[in-house]
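Notes follow once the structure below has been shown.
Note that these values count all heavy atoms, side chains included, but never hydrogens, waters or copies made by symmetry. What you see is a predicted model, and the numbers here were worked out from it, not measured in a lab.
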Number of protein chains: 2
Amino acid sequence: MSDELLRALDQAGVRLTGPRREIAALIAKRNGHFTAADLIADASKRRLGVGRATIFRLLDLLAEQGLVERVDLPDGRHAYVPCEPSHHHHLVCVACGAIAEVEDCGIDAVTAEASRRSGFTIDSHRLELFGRCPNCRSAN
Amino acid sequence: MSDELLRALDQAGVRLTGPRREIAALIAKRNGHFTAADLIADASKRRLGVGRATIFRLLDLLAEQGLVERVDLPDGRHAYVPCEPSHHHHLVCVACGAIAEVEDCGIDAVTAEASRRSGFTIDSHRLELFGRCPNCRSAN
DNA sequence: GCACACAATGAGACCCAGTATCAATCCCCC
DNA sequence: GGGGGATTGATACTGGGTCTCATTGTGTGC
Ligand SMILES: [Zn+2]
Ligand SMILES: [Zn+2]
Ligand SMILES: [Zn+2]
Ligand SMILES: [Zn+2]
């Protein structure tokens with residue numbers, strides 16, 4: 001479950017403290033995207049004594065390591081998605097929050113063309129796809 | 001300058017009030033992206049009596065009409081970009097905030113392929129490109 | 001041009017995400 | 001097992017954005 005996250009953190013030379021283990025477990029138990037507020041609520045519901053600040057700090061750490069990625073939802077909320085530390089994008093179900101990963105984004109051609117026309121150099125890009133997962137589509 | 005915004009609002013059946021005209025003028029005077037806080041600062045600097053709430057309300061309205069688009073900066077801030085109400089994306093200079101528009105995003109193929117593999121239906125997408133404009137690149 | 005119904009405004013309180021601070025505590029390595 | 005530096009949590013704080021509501025301003029029909 002959360003072993004994967006913990007192993008990756010350990011590998012990166014991060015101390016595996018009690019609170020971090022507990023938060024990692026909370027993340028592992030979630031599916032789809034989640035917000036910091038979700039984790040804070042989870043933690044308080046289970047009366048783990050972890051503070052808000054610690055949760056934000058761990059999320060920053062995980063994001064740095066690419067183990068989690070920030071997604072900006074269409075409504076402006078900031079959410080996180082657990083993911084592989086390689087370049088890819090996310091397909092977000094707007095109904096239930098389920099996530100699918102898009103491995104090869106294939107927009108290098110798009111960025112190259114945009115760069116040529118505009119004269120900008122392009123350092124990075126962000127692509128998010130929003131729709132409905134198979135479950136939510138049929139449940140409709 | 002701001003006539004374009006005002007005309008579009010009028011066309012949409014929105015009341016052209018004094019505060020809205022003033023805020024539209026502030027937006028027209030900006031170039032590149034701006035945040036709500038920027039506009040609030042502008043307004044207070046010129047001692048226009050417009051309230052914070054009015055600025056947020058107009059931004060929502062403009063966004064609804066597609067006259068302005070929300071951009072999530074890499075650092076998580078929410079900014080706005082004045083733009084045409086047609087599908088397109090933005091190329092944002094991370095150094096000075098300059099904006100270029102990418103007319104044809106050309107990622108329909110990407111979304112179609114992602115949809116096929118994942119079983120999701122895709123309603124919308126968001127693509128943002130970050131880099132440096134020609135000025136900032138040479139100024140380096 | 002005038003009055004009226006109703007949308008819009010602004011002041012302020014309010015809420016929530018995220019950050020800063022700092023003394024107490026905990027890991028990890030020796 | 002001990003020591004030193006990283007981590008933690010309580011708390012205060014900031015800043016973005018929303019809500020409320022009494023007051024004002026707009027467009028409209030006459
Ligand atoms: Zn779904
Ligand atoms: Zn990509
Ligand atoms: Zn620039
Ligand atoms: Zn597009």
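No salt bridge links Arg7(A) with Glu4(A); every basic N to acidic carboxylate O contact stays at or beyond 4.0 Å. The existence of a salt bridge linking Arg126(B) and Asp72(A) is excluded, since no basic side-chain nitrogen approaches an acidic carboxylate oxygen closer than 4.0 Å.
A distance below 6.0 Å separates the ring centres of His89(A) and His125(A).
Rounding to whole angstrom units, CD1 of residue Ile40(B) and P of dG15(D) are separated by 12 Å. Here the P atom of nucleotide dG9(D) and the CG atom of Leu39(A) are 14 Å apart, to the nearest Å. For the pair Tyr80(A) OH and dA17(C) P, the computed distance is 12 Å after rounding to whole Å. One atom, CG of Asp38(B), and another, P of dG17(D), lie 11 Å apart when rounded to the nearest Å. Nucleotide dG18(C) holds its P atom 9 Å from the CG atom of Leu59(A), rounded to whole Å. The CG atom of Asp75(B) sits 14 Å away from the C1' atom of dT19(C) (whole-angstrom rounding). Rounded to whole Å, atom C1' of dG18(C) lies 16 Å from atom CZ of Arg77(A). Rounded to whole Å, the distance from CD on Glu22(A) to C1' on dC26(C) is 13 Å.
Between Phe34(A) and Tyr80(A), the angle of the ring planes stays under 30°, which puts this pair in the parallel group of the 30/60° scheme.
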Where protein sits on nucleotides 18-30 of chain D, one letter per nucleotide: B base, S sugar-phosphate only, - none, heavy atoms under 4.0 Å:
BBB----BBS---

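Contact annotation: His78(A) side-chain N/O to dA17(C) OP1/OP2 distance is not under 4.0 Å. Distances shorter than 4.0 Å separate some side-chain N or O of Arg20(B) from OP1 or OP2 on dT9(C).
Around the CG atom of Asp60(A), the shell of radius 6.0 Å holds more than 12 heavy atoms that belong to other residues, nucleotides or ligands.
Thr35(A) and Asp38(A) share a side-chain donor-acceptor pair at under 3.5 Å.
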